[in-house]
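For reference, the structure is listed below as structure tokens.
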Amino acid sequence: MSRPDSDFDAIVVGSGPNGLSAAVVLAQNGLSVKVIEAADSFGGGTRTKELTEPGFLHDVCSAVHPTAAGSPFLSSLSLNKYGLEWIHPDYPVAHPLDHGQTVVIERSFDKTLDRLGKDAKNYRNLLKDMIDSWPFLAKDIFGSLRNPKHPLSLARFGWYGMFSAKLLSQSIFDTPELRAYFAGLAAHSILPLEKAFTASFGLILGISVHSVGWPIAKGGSIKISEALVNLFTELGGEVELNRRIRDLRELPDSVPILFDLTPHQINDIAGFHFKKTFSNKLKAYKYGPGSFKIDFALSEQVPWENPENAKAGTLHIGGTFNELAYSEREVWKGNHPEKPYVLVAQQSNFDPSRAPKGKHTLWAYCHVPNGSTKDMSIEIENQIERFAPGFKDTIISKSVMNTVQFEKYNANYIGGDINGGAQTFNQLIGRPVLKWNPYKLPYKQLYICSSSTPPGGGVHGMCGFNAAKSVLKNEFGIKIDI
Ligand SMILES: Cc1cc2nc3c(=O)[nH]c(=O)nc-3n(C[C@H](O)[C@H](O)[C@H](O)COP(=O)(O)OP(=O)(O)OC[C@H]3O[C@@H](n4cnc5c(N)ncnc54)[C@H](O)[C@@H]3O)c2cc1C
């Protein structure tokens with residue numbers, strides 16, 4: 001039986017990685033904190049379930065965790081003591097191309113350079129300094145961009161990052177292989193690759209391959225959430241499940257409330273307290289394209305044409321730069337590409353606990369227009385089959401989720417947007433609205449701590465950390481930093 005809300009010093013609504021991170025920070029600083037979660041299990045976008053067959057563990061949402069491994073906050077927590085173990089696949093990422101070619105990027109920068117031939121020098125010149133300064137850079141990128149602590153490293157990142165992925169890759173790389181690889185990284189932005197600042201997504205992910213790796217969690221992504229909850233409860237925190245907050249009046253009005261929710265949801269819950277101008281800004285907040293996902297139970301490993309691909313944790317499927325750029329442009333325009341850019345993770349190749357002996361799981365999704373109900377199974381399977389002939393014959397069963405099912409699963413995925421809002425330039429600098437402190441909402445002690453705040457989508461907990469830092473300073477006069 002859960003203790004009454006009024007017993008607590010602060011309430012967090014939503015138990016995604018940002019909600020849990022915010023809760024941990026507040027509890028670490030002596031507050032008694034309750035997390036209220038609508039679903040019957042905690043973790044938001046960081047959960048693992050038997051979606052297909054008994055014994056096959058599928059990451060329902062997040063699977064691969066460069067941002068968690070590189071998060072200044074999460075890496076300060078020693079989550080290994082609370083059950084989290086990272087597994088680093090042999091290769092973090094591979095980008096298959098036609099005729100059995102593939103771009104393999106190793107965690108070792110030098111070994112990668114040895115593979116890159118003509119583009120090795122360009123790759124080195126672009127990334128070496130930023131990889132070396134990553135420990136400082138990460139704090140500025142993931143922290144509050146408004147007060148950079150290492151302006152020089154940030155300026156270098158900002159110079160390259162402000163370009164479109166198309167312009168940067170064309171001006172830096174000579175080979176179609178490296179251009180295609182950079183497109184695969186930058187397309188995580190879910191934006192057309194001709195848009196300014198899409199290069200920044202490619203850079204962050206490209207740097208992280210070498211600085212922290214692209215690990216998966218042993219036993220599934222749920223282990224990240226479990227570790228955070230284990231730490232949180234050890235600090236005296238409480239998580240209440242199966243309780244959806246619909247109206248602010250359901251919560252005490254004398255303590256800080258942190259919403260791990262997106263702007264439209266917050267406006268529905270508390271909008272009647274905001275001035276009309278602020279409420280209109282929340283309503284005007286834009287959500288980006290959605291995702292269509294398939295989880296496969298397989299009878300064997302994917303039969304990649306190039307066997308090197310079996311050693312990569314993540315694969316970016318879709319071919320050349322132009323093919324990926326076309327796919328993302330089409331989605332942005334509201335169309336469903338016939339040959340989508342597909343993100344693939346093959347966790348069971350590196351973590352035997354994910355599937356019965358000899359069997360395998362495969363995690364795959366592509367971008368689709370917001371609100372789409374189209375079944376993209378055939379398009380996704382055709383793309384994988386293109387680089388792995390015989391793949392379709394290995395499928396034992398599958399589970400699919402379109403954008404409507406995603407939103408039903410987690411109310412934060414509005415129209416299937418998995419990043420808490422489009423990550424356009426305007427919504428990166430003003431997330432959720434343009435304000436010096438984006439975490440404070442203009443009513444009493446209300447805050448927002450979800451991926452709809454800087455630094456945006458991904459499992460890193462830094463939105464939660466930044467919001468909690470603001471709560472501690474504003475409401476309790478406690479100053480913290482990492
Ligand atoms: C298919 C997919 C693949 C992804 N892959 C990756 C990946 O590989 N790596 C990566 O880093 N990130 C990935 N992500 C993104 C990542 O999962 C999100 O960015 C992250 O979970 C956002 O965390 P959050 O805490 O802001 O919100 P969420 O994780 O969305 O958590 C919000 C929580 O709030 C709860 N909630 C909503 N409304 C209410 C309410 N009214 N009352 C109470 N509770 C409520 C929800 O049930 C949910 O538990 C992926 C996401 C998806 C969907």
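These numbers come from the heavy atoms of this one structure, side chains and all, not from hydrogens, waters or symmetry mates.
Between the side chain of Ser71 and the backbone N or O of Ala68, no donor-acceptor pair lies under 3.5 Å. Under a 3.5 Å cut-off, the side chain of Ser108 and the backbone N or O of Lys111 do form a donor-acceptor pair.
Heavy atoms from other residues, nucleotides or ligands lying under 6.0 Å from NZ of Lys49 number more than 12. The number of heavy atoms from other shown groups lying within 6.0 Å of CD (Glu338) does not exceed 12. Residue Lys392 places its NZ atom among more than 12 non-hydrogen atoms of other residues, nucleotides or ligands, all under 6.0 Å distant. More than 12 non-hydrogen atoms from other residues, nucleotides or ligands lie less than 6.0 angstrom from OH of Tyr285.
Ring centroid separation for the pair Phe142 and His460 comes in under the 6.0 Å cut-off. The aromatic ring centres of Tyr287 and His264 sit less than 6.0 Å apart. Centroid-to-centroid, the aromatic rings of Phe197 and Phe163 stay 6.0 Å apart or farther. Less than 6.0 angstrom separates the ring centroid of Phe296 from the ring centroid of Phe391.
Here the CG-NZ distance, from Leu79 to Lys223, works out to 13.0 Å after rounding to the nearest 0.5 Å. Ile105 CD1 to Leu116 CG: the interatomic distance, rounded to the nearest 0.5 Å, is 5.0 Å. Within the model, atoms CH2 of Trp134 and NE2 of His210 stand 12.5 Å from one another, a figure rounded to the nearest 0.5 Å. In this structure, NE2 on His58 lies 2.5 Å from OG1 on Thr52, to the nearest 0.5 angstrom. Rounded to the nearest 0.5 angstrom, His336 NE2 and Ser327 OG are separated by 11.0 Å. Atom CZ of Arg47 and atom OG of Ser225 lie 8.0 Å apart (nearest 0.5 Å).
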Test salt bridge (Lys or Arg N to Asp or Glu O under 4.0 Å) on Arg386 and Glu323; report intermediate values, then the result. CA-CA 14 Å; Arg386 173 178 164 191; Glu323 285 180 288; 3.1 Å; yes

Quick one, Arg243 with Glu250, criterion salt bridge (Lys or Arg N to Asp or Glu O under 4.0 Å). Give me CA distance, side-chain angles, the key distance, then yes/no. CA-CA 11 Å; Arg243 181 173 166 205; Glu250 296 162 30; 5.3 Å; no

Give the C-alpha distance, both sets of side-chain angles, the deciding distance and a yes or no for side chain to side chain donor-acceptor pair (under 3.5 Å) between Glu234 and Tyr82. CA-CA 10 Å; Glu234 186 183 280; Tyr82 298 91; 2.9 Å; yes

Under the side chain to side chain donor-acceptor pair (under 3.5 Å) criterion, do Asp174 and Asn122 qualify, and how do the steps go? CA-CA 8 Å; Asp174 294 327; Asn122 302 327; 3.1 Å; yes

Where do Asp90 and Arg107 land on the salt bridge (Lys or Arg N to Asp or Glu O under 4.0 Å) test, with the steps shown first? CA-CA 8 Å; Asp90 300 345; Arg107 196 167 166 203; over 6 Å; no

Between Phe73 and Val25, is a side-chain contact (heavy atoms from CB on, under 4.5 Å) present by the stated rule, with each step listed? CA-CA 9 Å; Phe73 173 62; Val25 176; 3.5 Å; yes

Check against side chain to side chain donor-acceptor pair (under 3.5 Å), Ser377 and Asp375: CA-CA 6 Å; Ser377 305; Asp375 187 330; 2.5 Å; yes

The test is ring-ring contact (aromatic ring centres under 6.0 Å, His included); show your working for Tyr181 and His316 and say whether it passes. CA-CA 8 Å; Tyr181 166 65; His316 293 149; 7.2 Å; no

Dump the intermediate steps for salt bridge (Lys or Arg N to Asp or Glu O under 4.0 Å) on Lys34 and Glu240, then the final yes or no. CA-CA 7 Å; Lys34 185 189 223 185; Glu240 182 181 356; 2.8 Å; yes

Go through the steps for Glu85 and Asn80 under the test side chain to side chain donor-acceptor pair (under 3.5 Å), then give the verdict. CA-CA 6 Å; Glu85 195 179 322; Asn80 53 328; over 6 Å; no

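Residues Ser299 and Asp393 come closest through the heavy atom pair OG-O, 4.4 Å. Of all the heavy atoms in Ile317 and Leu324, the pair that sits closest is O-CD1, 4.5 Å. In this structure, Thr102 and Ala94 approach most closely via the heavy-atom pair OG1-CB, 4.0 Å. Shown here for Ala345 and Val64, the closest heavy-atom pair between the two residues is CB-CG2, 3.9 Å. Contact record, Pro432 with Pro263: CB-CG, 3.6 Å, taken as the closest heavy-atom pair. Shown here for Val342 and Cys366, the closest heavy-atom pair between the two residues is CG2-CB, 4.4 Å.
Between the side chains of Asn370 and Asp417, no donor-acceptor pair is found at a separation under 3.5 Å. A donor-acceptor contact closer than 3.5 angstrom links the side chains of Glu238 and Ser2. Side-chain atoms of Thr424 and Gln427 form no donor-acceptor pair, as typed in the model, at a separation below 3.5 Å. Residues Asp351 and Ser353 have side chains that bring a donor and an acceptor to within less than 3.5 angstrom of each other.
The shortest distance between side-chain heavy atoms of Cys463 and Thr453 falls below 4.5 Å. Between His65 and Ile224, the closest side-chain pair of non-hydrogen atoms falls below 4.5 Å. Side-chain contact between Ile448 and Ser450 is present, with at least one heavy-atom pair separated by less than 4.5 Å. Counting heavy atoms from C-beta on, the side chains of Asp260 and Val13 never come closer than 4.5 Å. Using a 4.5 Å heavy-atom cutoff, the side chains of Tyr160 and Leu203 are in contact. Taking 4.5 Å as the limit, every side-chain heavy atom of Phe350 sits out of range of all side-chain heavy atoms of His88. Side chains of Val35 and Phe42 form no contact here, defined as non-hydrogen atoms less than 4.5 Å apart. Residues Phe292 and Ser372 form no side-chain contact, since every pair of their non-hydrogen atoms from C-beta on lies 4.5 Å or further apart.
Contacts of Lys408 classified as salt bridge (Lys or Arg N to Asp or Glu O under 4.0 Å), with partners at least two apart in sequence or in another chain: none.
When each of Lys118, Gln101, His95, Arg115 is tested with Glu177 by the rule side-chain hydrogen bond (donor to acceptor under 3.5 Å, both in side chains), just one qualifies, namely Gln101. Among Thr361, Asp59, Thr48, the single residue meeting the side-chain hydrogen bond (donor to acceptor under 3.5 Å, both in side chains) criterion with Arg354 is Asp59.
Salt bridge status for Lys359 with Glu53: absent, with no side-chain N to carboxylate O gap under 4.0 Å.
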Using residues 300-307 as the side-chain source, report each donor-acceptor pair under 3.5 Å to any protein atom, sequence neighbours left out, with the distance given to one decimal.
residue: Trp304; atom: NE1; partner: Gln346; partner atom: OE1; Å: 3.0
residue: Asn306; atom: OD1; partner: Glu308; partner atom: N; Å: 2.9
residue: Asn306; atom: ND2; partner: Gly100; partner atom: O; Å: 2.8

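Classified by interplanar angle (parallel below 30°, tilted 30° to 60°, perpendicular above 60°), the ring pair Phe182/Phe173 is tilted.
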